[in-house]
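Some notes on the structure that comes next.
Both counts, for ligands and for their atoms, begin at 1 and track the order of listing.
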Amino acid sequence: MTGARQPDPKAAARAIDALRRGWPIRIGALALLPIETADPLRLEAFDPTAEAPVLLSAGRAETLKLANQREAAVPDAPVLVDRAPWIDFAGGTALADPQLDLATPLKGPFRAIEVVSPDDARAALRLARVAGMLPAFFVRPDGPAEVTLTAADIDAHEDAIRLSIAARARLPVAHAEDAEIVAFRTPEGPGEHVALLIGAPNGQPPLVRLHSECLTGDALGSLKCDCGPQLDAALKAIAQAGWGILLYLRQEGRGIGLVNKLRAYALQDQGFDTVDANTRLGFAIDARDFGVAARMLDLLGQRDIRLLTNNPGKVQGLEAHGINVVERVPHFLPTNPHNEHYLATKRDRTGHQL
Ligand SMILES: Nc1nc2c(ncn2[C@@H]2O[C@H](COP(=O)(O)OP(=O)(O)OP(=O)(O)O)[C@@H](O)[C@H]2O)c(=O)[nH]1
Ligand SMILES: [Zn+2]
């Protein structure tokens with residue numbers, strides 16, 4: 001009896017490693033070669049007759065004037081670009097990377113063809129994001145692959161329910177010398193999510209800050225966003241409240257990773273705002289899964305919380321996973337000339353209460 005095998009999250013981890021090395025993978029009916037990391041020899045081996053079409057996200061396809069193929073407002077939906085003979089696909093990087101658009105303006109015209117196995121194609125784009133890479137592949141139904149997996153393996157890899165507490169210890173911090181740090185093992189590869197417990201439960205819902213990792217802001221003092229000051233102000237507010245939790249999620253770049261965030265910054269240097277930069281790269285405007293934060297709160301035994309945020313999307317995201325946000329506590333920090341456009345964009349385009 002050919003029952004489908006149980007989802008194997010380890011297959012997704014092997015596939016992420018293969019993508020980062022430029023090796024082809026197979027997801028269901030599709031063999032896929034990552035454009036960002038594959039070298040010409042691998043492309044030659046994968047596609048000797050140079051006929052393989054290119055799988056992109058709808059957000060990226062739209063910037064290539066393939067808007068007619070884009071499902072409305074779904075920037076990370078799959079689009080397949082025909083391997084038309086008149087297009088120099090050499091390596092495909094000019095298709096994959098919007099940073100090159102100014103340098104290679106006259107590409108195309110491109111033609112979109114029907115996406116074979118859309119679920120597998122969508123899973124491939126999602127895996128590229130989890131790997132912190134550009135969502136762009138050469139695709140062949142019958143191509144070679146180093147790793148074979150299914151869309152269900154990727155779902156299992158990302159499933160927050162697999163999060164678990166791995167270690168905890170006292171951690172005196174500037175705003176709270178009695179703090180306790182808790183590390184959570186995440187199935188998504190490098191970097192654990194962390195919680196800092198401040199003060200002692202007092203029968204009231206804890207004051208919680210859901211802080212998404214921003215290396216540039218948290219560690220380097222970036223003025224381009226408000227993350228660094230928000231982190232410090234959150235620790236201070238929680239300490240003053242007497243009881244609360246800082247959740248530090250390894251969801252850099254609103255879930256697209258540091259390299260892709262810096263690509264988004266490079267597009268912002270070209271004049272795009274933080275919303276359009278993400279969609280031009282082929283990602284959703286916000287690719288974070290707040291189910292991870294809800295799972296952390298669940299493991300910490302907290303269901304009712306007060307949430308420090310200006311982002312109603314966080315409240316909805318947590319409530320969709322069973323957390324009761326009894327109060328949204330504004331968390332606005334003064335702007336500077338380098339981040340006022342970024343914050344104005346969040347106010348005007350992503351519903352932030354600023
Ligand atoms: N893709 C992308 N991510 C960014 C950009 N600027 C900051 N980030 C990321 O955005 C996240 C910061 O999000 P938060 O501080 O949680 O901000 P928020 O979701 O807007 O909500 P609140 O601060 O809670 O109001 C971090 O992961 C940063 O790395 C950007 O221009 N593009
Ligand atoms: Zn930031």
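Atoms of ligand 1 lying under 4.0 Å from at least one heavy atom of Gln268, given by number and element, are 30 (C), 31 (O). Short contacts between ligand 1 and Asn311, defined as distances under 4.0 Å to a heavy atom of the residue, involve ligand atoms 18 (P), 19 (O), 21 (O), 25 (O). Under a 4.0 Å criterion applied to the non-hydrogen atoms of Lys346, ligand 1 contributes the atoms 17 (O), 18 (P), 20 (O). Interface of Asn278 with ligand 1, defined as ligand atoms under 4.0 Å from a residue heavy atom, comprises 1 (N), 2 (C), 32 (N). Residue contact check: Glu252 has heavy atoms under 4.0 Å from atoms 27 (O), 29 (O) of ligand 1. Close approach of ligand 1 to Arg209 (heavy-atom distance below 4.0 Å) involves ligand atoms 15 (O), 22 (P), 23 (O), 24 (O). Using a 4.0 Å cut-off to heavy atoms of Gln251, the atoms of ligand 1 that qualify are 27 (O).
Salt bridge annotation for Arg26-Asp120: absent, with no cationic side-chain nitrogen under 4.0 angstrom from a carboxylate oxygen. Asp8 and Arg14 are joined by a salt bridge, as a carboxylate oxygen and a charged side-chain nitrogen come within less than 4.0 angstrom of each other. Ion pairing between Arg250 and Glu213 holds under the 4.0 Å rule for side-chain N and carboxylate O. In this structure, Glu146 does not pair ionically with Arg42, as no charged nitrogen and carboxylate oxygen lie closer than 4.0 Å. A salt bridge links Asp273 and Arg349; the closest N-O separation between the charged side-chain nitrogens and carboxylate oxygens is under 4.0 Å.
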With side-chain contact (heavy atoms from CB on, under 4.5 Å) as the test, would you mind laying out the steps for His157 and Leu149 before giving the verdict?
CA-CA 11 Å; His157 176 80; Leu149 68 161; over 6 Å; no

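Looking at Leu32, Asp47, Val147, Leu33 one by one, the single match for side-chain contact (heavy atoms from CB on, under 4.5 Å) with Pro24 turns out to be Leu33. With Arg60 as the partner, the salt bridge (charged side-chain N to carboxylate O under 4.0 Å, His left out) test is satisfied by one option alone out of Asp101, Asp76, Asp97: Asp101. Each of His341, Lys261, Arg254 was checked for a side chain to side chain donor-acceptor pair (under 3.5 Å) with Thr274, and the lone residue meeting it is Arg254.
Summary of contacts: the protein heavy atom closest to atom 7 (C) of ligand 1 is Tyr342 OH, 3.2 Å. When only non-hydrogen protein atoms are considered, atom 14 (P) of ligand 1 lies nearest to Lys314 NZ, 3.7 Å. The protein heavy atom nearest to atom 15 (O) of ligand 1 is Gln230 OE1, 3.2 Å. Among all non-hydrogen protein atoms, the one lying nearest atom 32 (N) of ligand 1 is Thr274 OG1, 3.4 Å. Among protein heavy atoms, atom 25 (O) of ligand 1 sits closest to Asn310 N, 2.8 Å. Atom 12 (C) of ligand 1 has as its closest protein heavy atom Cys227 SG, 3.8 Å. At the shortest separation from atom 13 (O) of ligand 1 among protein heavy atoms lies Arg288 NH1, 3.4 Å. In terms of protein heavy-atom proximity, atom 28 (C) of ligand 1 is nearest to Cys214 CB, 3.7 Å.
No side-chain heavy atom of Ile305 sits under 4.5 Å from any side-chain heavy atom of Val326. Contact check for Ile285 versus Thr279: side-chain heavy atoms found under the 4.5 Å cut-off. A 4.5 Å side-chain heavy-atom check between Asp286 and Lys314 finds every atom pair outside the cut-off.
In the displayed structure, Glu177 atom CD is contacted under 6.0 Å by at most 12 heavy atoms of other residues, nucleotides or ligands.
Asp232 and His175 share a donor-acceptor pair across their side chains, judged by distance under 3.5 Å alone. Judged by distance alone, the side chains of Arg306 and Gln204 never bring a donor and an acceptor atom under 3.5 Å apart.
Judged by the shortest distance from any of its heavy atoms, His331 lies outside the 4.0 Å radius around the atoms of ligand 1. Residue contacts with ligand 1: Phe283 is excluded, as none of its non-hydrogen atoms falls under 4.0 Å. Under a 4.0 Å heavy-atom criterion, Lys224 is not in contact with ligand 1. A heavy-atom separation below 4.0 Å is not found between His211 and ligand 1. Heavy atoms of Tyr265 come nearer than 4.0 angstrom to ligand 1 in at least one pair.
Of the N or O atoms in Thr309, one or more lie within a sub-3.5 Å distance of an N or O in ligand 1. At under 3.5 Å, a nitrogen or oxygen of Arg254, whether backbone or side chain, sits near a nitrogen or oxygen of ligand 1. Residue Gly253 places at least one N or O, backbone or side chain, under 3.5 Å from an N or O of ligand 1.
Around the Zn ion (ligand 2), the angle linking Cys214 (SG) with Cys225 (SG) is 110°, rounded to 10 degrees.
Using a 4.0 Å cut-off between heavy atoms, Asp226 makes no contact with ligand 1 at all.
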